[in-house]
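Below is one structure; the comments refer to it alone.
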Amino acid sequence: MPFPGRSGVESDPGLTVVGEAATGAEAVEVVRRENPDVVLMDIRMSDVDGIEATRRLADFPCRVLILTTFDLDEYVYAALRAGAGGFLLKDTPPGDLLSAIHRVAEGGALLSPSVTRRLITEFARLPGPSAPPRELTGVTEREREVLTLIARGSSNTEIAQRLVLSQATVKTHIGRLLAKLQARDRAQLVIAAYESGLVKANS
């Protein structure tokens, strides 16, 4: 994984590179050995590609950030479904890259509302899943309202305004949704909303 480079990441005193890998299989082995907090995963690698490597890391506590040349191409969606926490373009400015690593390491969402809206557009283009609809077991009516707004690209502030809630309450609802749906981040909540049929891609 040559991008962004050890020296670029370690220019931030709060970050340490614990390993590098040239293939997806090597990346999985490095994660098993070093137990990192964040993995920067290139999609296009020899041997095992980044999507399959991400899938193999689904049970690990690390957050996977997918690196791609194309903005939200088909590979990114496959990676998100495989368990990736988000994506970064390879031409992301170094400062933004370092900020993104810190944000996801602290449990924050990598996908902004504007990116979420484009994720929704891609769902409308892709064929629907052949598997049975995903169940929203234990999700309350209010949490369904919050999940619907997340899936439509609303920010926490917009959700709070729409539902007349405090932002702290919105964050509480989102935390409960993450736990109940076993989702790592906002991107996976969007996917859950569509796979359950709660929100339709063309609605």
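Only this structure's heavy atoms are used, side chains among them; waters, hydrogens and symmetry mates stay out.
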[atom1] of [X] to [atom2] of [Y]: how many Å apart, nearest 0.5 Å?
X	Y	atom1	atom2	result
Asp49	Arg55	CG	CZ	8.0 Å
Arg162	Thr157	CZ	OG1	15.0 Å
Glu143	Leu136	CD	CG	10.0 Å
Leu147	Arg186	CG	CZ	10.5 Å
His173	Leu149	NE2	CG	11.5 Å
Ile191	Ser196	CD1	OG	12.0 Å

Quick one: closest heavy-atom pair of [X] and [Y], and the distance?
X	Y	answer
Thr137	Lys180	O-CB, 4.5 Å
Ala160	Gln167	CB-CG, 4.1 Å
Gly19	Val30	CA-CG1, 3.9 Å
Ile174	Leu189	CG2-CD1, 4.2 Å
Val170	Leu165	CG2-CB, 4.2 Å
Ala193	Ala151	CB-CB, 3.5 Å

Close side-chain approach of [X] and [Y], heavy atoms under 4.5 Å:
X	Y	answer
His102	Leu15	yes
Ser154	Thr148	no
Arg176	Thr140	no
Asp47	Glu26	no
Leu181	Gln188	no

* Does the Glu52 side chain pair with the main chain of Val48, one donor and one acceptor, at a distance under 3.5 Å? -> no
* Structure fact -> Only one of Leu57, Val31, Ile51, Leu65 passes side-chain contact (heavy atoms from CB on, under 4.5 Å) with Met41, and that residue is Leu57
* Asked: How far apart are the C-alpha atoms of Leu40 and Ile101, what are their side-chain angles, what is the distance that settles it, and do they pass the side chain to side chain contact (heavy atoms under 4.5 Å, CB included) test?
  -> CA-CA 9 Å; Leu40 298 178; Ile101 294 173; 4.0 Å; yes
* In terms of hydrophobic clusters joined by side-chain contacts under 4.5 Å, are Val17 and Val38 together? ->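 They do share one cluster, since a chain of ILVMFWY contacts under 4.5 Å joins Val17 to Val38.
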